[in-house]
Amino acid sequence: MPKKLFFAAVLYCVISLQTGCATPETIPHPDTIPVAIKPLFKDFMGVNGHVTFRPALHGQVCRLVRSYHNMDWDANAPGDTLHIPVTVNQLNWKNDVYGPWKNAGLETDICLQFRLFGVGAPRYRQLWKGHEQWAYDYGKVMAAYYGPSGKEQLCTSLEIDNEPGNRFEPALFQTLFTKMAQGIRQGDPRMKIVTPAVVAGKGDNYSQGLDDFYGDKQVLPLYDIINLHTYATMEKSATIENTWHRSFPEDPSLRYLKVVDEAITWRNQHAPGKEVWITEFGYDACTPAAMKQRKDWALKLNWQGATDLQQAQYLVRSFLAFAVRDVQRAYLYYYNDEDEASFHAASGLTRNFVPKPAFWAVRQLYQMLGEFRFHRVVKQEVGQLYIYEFEDGKDPQSLVWVAWSPTGADTQHKDNYQPHTITTTLDQLPGKPVRITGMATTDTPAPAVAWEKSGDNGIRLTIQESPTYIIFKKNKKTLR
């Protein structure tokens, strides 16, 4: 074990003993980074955006935003002269997009998509022939103009493509990745370099295998962030006609969280010191009216989305599931949709820029825990009850417990589903609850949760699939 990881593990054990953390068997991923360096939630929660992202609206739920930025917008072909920040169609990314985002207090991660310079064009190999050095020039110019060391300071990280997967010719991609990363390092050494979507083990059409390239000693200095995309999709089976159906985050049959744990294990073995980000996760939820308009494969394969309430529940619970792991950031997909009954087409927090229940639930999470960081697992009973504790980054006496039933319905069985609830007694509390509230689904105050005192230092209440927030002011006194 590298010295850095050894000392981190020792620190983790010490903190666990001091804070009463759950035993390793109850923690989803036992090599979670030490609590002392967990990110605050405001530095953890992000949203995927695009040109029409509205800072005044969507900035209520995050301060981190990820932008899909196509390289073929900046030039007609590799080798062309660049006119950053103006695109070939005369969009000014400084004045029209990233500048307003920065002025609203947002921090931007730019995903440089190869798109028509990559697998989005059948002749992409010919486009790059003789122009491989241009990838270096492009990376250098982008980093120098947009990076944190430059005059504009419009972004802090650059991703080298989005989802090339196994579709992009490996040798060519490795050449372009290497050159572009070298250019970014030269343009702004402070710019964080993010891999495209990757996965431990064998890659697929949308995620590259980490072993294929990213553990190479020559490549390790060229990136800072291991980038994951994970969706709670179900495996195709005799009863599941396609792989587009989704289930609740904690469903043990899913690869959803296992993908994250496996990447963390790979990182610890092959690339210690690299951060792990999840830059895409999400749930679709459209209206019944949109479902009646299903067409093409969505109709043929019986595509189903979650309900609006489930989308809210599962997004919040996904953030919580990622927070307990060694993940530095998690960006949900997507900021807005147009109410289309199709895969990835109904994933917005807003629907035609009108907030969904998920918007209010995610906003509440951001507001409640923004200044807090994950502290410990209080309880984790599969299929019954999860309780995680979060500590104020400036005031360790202020704590929030988030409790929920880790259950739910997969999308094709949602219609007549009866949500699970559990009435439980919580004892050995860190103090008297200041407030107990349910999950918000509208712009009105979140519902209060009824509870009663139990014994000298306990409470009894009912926990639902929508997370419950228990706010404490830590003290040594029993409840009175």
Side-chain angles (χ1 to χ4, degrees), residues 1-2 4-6 8-9 12 24 27-33 38-39 44 46 66 109 111 119 157 159-171 173-174 177-178 181 192-236 243 246-247 249-282 318-319 321-333:
M1 176 184 291
K4 186 174 183 179
L5 288 180
F6 174 78
Y12 177 78
I27 297 175
H29 200 261
D31 58 0
T32 297
I33 58 174
K38 278 285 192 179
F44 174 75
R66 177 176 182 251
D109 165 57
C111 177
V119 294
S157 53
E159 299 178 34
I160 302 179
D161 210 358
N162 184 37
E163 293 181 338
N166 294 337
R167 298 168 295 165
F168 205 117
E169 182 183 298
F173 184 84
Q174 291 174 17
F177 181 94
T178 298
K192 291 184 178 181
I193 300 176
V194 188
T195 71
V198 294
V199 65
K202 187 178 180 180
D204 55 36
N205 282 342
Y206 299 97
S207 296
Q208 295 180 334
L210 281 165
D211 281 335
D212 295 340
F213 179 54
Y214 297 99
D216 189 292
K217 291 182 180 179
Q218 301 300 315
V219 177
L220 284 170
L222 298 179
Y223 69 94
D224 307 291
I225 314 296
I226 292 171
N227 179 5
L228 307 178
H229 293 179
T230 187
Y231 288 93
T233 51
M234 305 177 69
E235 298 292 329
K236 188 174 182 179
T243 58
R246 302 188 194 186
S247 188
E250 307 86 359
D251 186 337
S253 71
L254 300 181
R255 293 273 305 148
Y256 187 47
L257 300 177
K258 295 173 186 175
V259 166
V260 180
D261 292 341
E262 290 167 2
I264 292 171
T265 297
W266 185 94
R267 186 278 313 275
N268 292 344
Q269 294 174 351
H270 302 285
K274 307 295 184 186
E275 294 184 6
V276 175
W277 291 4
I278 298 168
T279 63
E280 283 190 20
F281 73 96
S318 291
F319 273 121
F322 299 146
V324 74
R325 290 166 162 80
D326 187 355
V327 174
Q328 290 296 113
R329 292 188 185 183
Y331 292 82
L332 70 83
Y333 184 92

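- Judged purely by atom type and a 3.5 angstrom limit, Asn227 uses its side chain to pair as donor or acceptor with the backbone of Thr195.
- When all heavy atoms of Pro252 and Lys258 are compared, the pair lying nearest together is O-NZ, 3.2 Å.
- Between His270 and Leu210 the shortest side-chain heavy-atom distance does not fall below 4.5 Å.
- Under the ring pair (Phe, Tyr, Trp, His ring centres under 6.0 Å) criterion, Phe319 pairs with Phe281, not counting sequence neighbours.
- With sequence neighbours excluded, the residues forming a salt bridge (Lys or Arg N to Asp or Glu O under 4.0 Å) with Glu275 are Lys192, listed by chain and number.
- Across Ala321 and Leu257, no two heavy atoms sit closer than the pair CB-CD2, 4.0 Å.
- Contact of the Thr178 side chain with the Leu222 side chain is registered, since non-hydrogen atoms from C-beta on lie closer than 4.5 Å.
- Distance check, rounded to the nearest 0.5 Å: CG of Leu332 to CD1 of Ile278 gives 11.5 Å.
- From Lys202, atom NZ reaches atom CG of Asp211 across 13.0 Å, with rounding to the nearest 0.5 Å.
- Between Glu262 and Leu228, the closest side-chain pair of non-hydrogen atoms is not below 4.5 Å.
- Put simply, CD on Gln218 and CD on Gln174 are 12.5 Å apart, with the number rounded to the nearest 0.5 Å.
- The side-chain heavy atoms of Ser157 and Trp277, taken from C-beta on, include a pair separated by under 4.5 Å.
- When side chains are defined from C-beta on, Leu220 counts as touching Lys274, because their heavy atoms get closer than 4.5 Å.
- Under a 4.0 Å N-O distance rule, the pair Arg329/Asp109 does not qualify as a salt bridge.
- Annotation: ring pair (Phe, Tyr, Trp, His ring centres under 6.0 Å) contacts of Tyr214 (sequence neighbours excluded): Phe177, Tyr223.
- Counting heavy atoms from C-beta on, the side chains of Val198 and Phe213 never come closer than 4.5 Å.
- Here the CD-CD distance, from Glu163 to Glu280, works out to 5.0 Å after rounding to the nearest 0.5 Å.
- The backbone N or O of Gln328 sits nowhere less than 3.5 Å from a side-chain atom of Lys38 that would complete a donor-acceptor pair.
- Note that SG of Cys111 is 6.5 Å distant from CG of Asp161, once rounded to the nearest 0.5 Å.
- When Tyr331, Tyr256, Phe44 are each tested for a ring pair (Phe, Tyr, Trp, His ring centres under 6.0 Å) with Phe322, only one passes: Tyr256.
- In terms of heavy atoms, Val199 sits closest to Gly203 at CG1-CA, 3.9 Å.
- Between Arg255 and Thr230, the shortest heavy-atom contact is O-OG1, 4.5 Å.
- Residues His229 and Asn162 are in side-chain contact: their nearest non-hydrogen atoms beyond the backbone lie under 4.5 Å apart.
- Under the 4.5 Å side-chain criterion, counting only non-hydrogen atoms from C-beta, Arg267 is in contact with Asp326.
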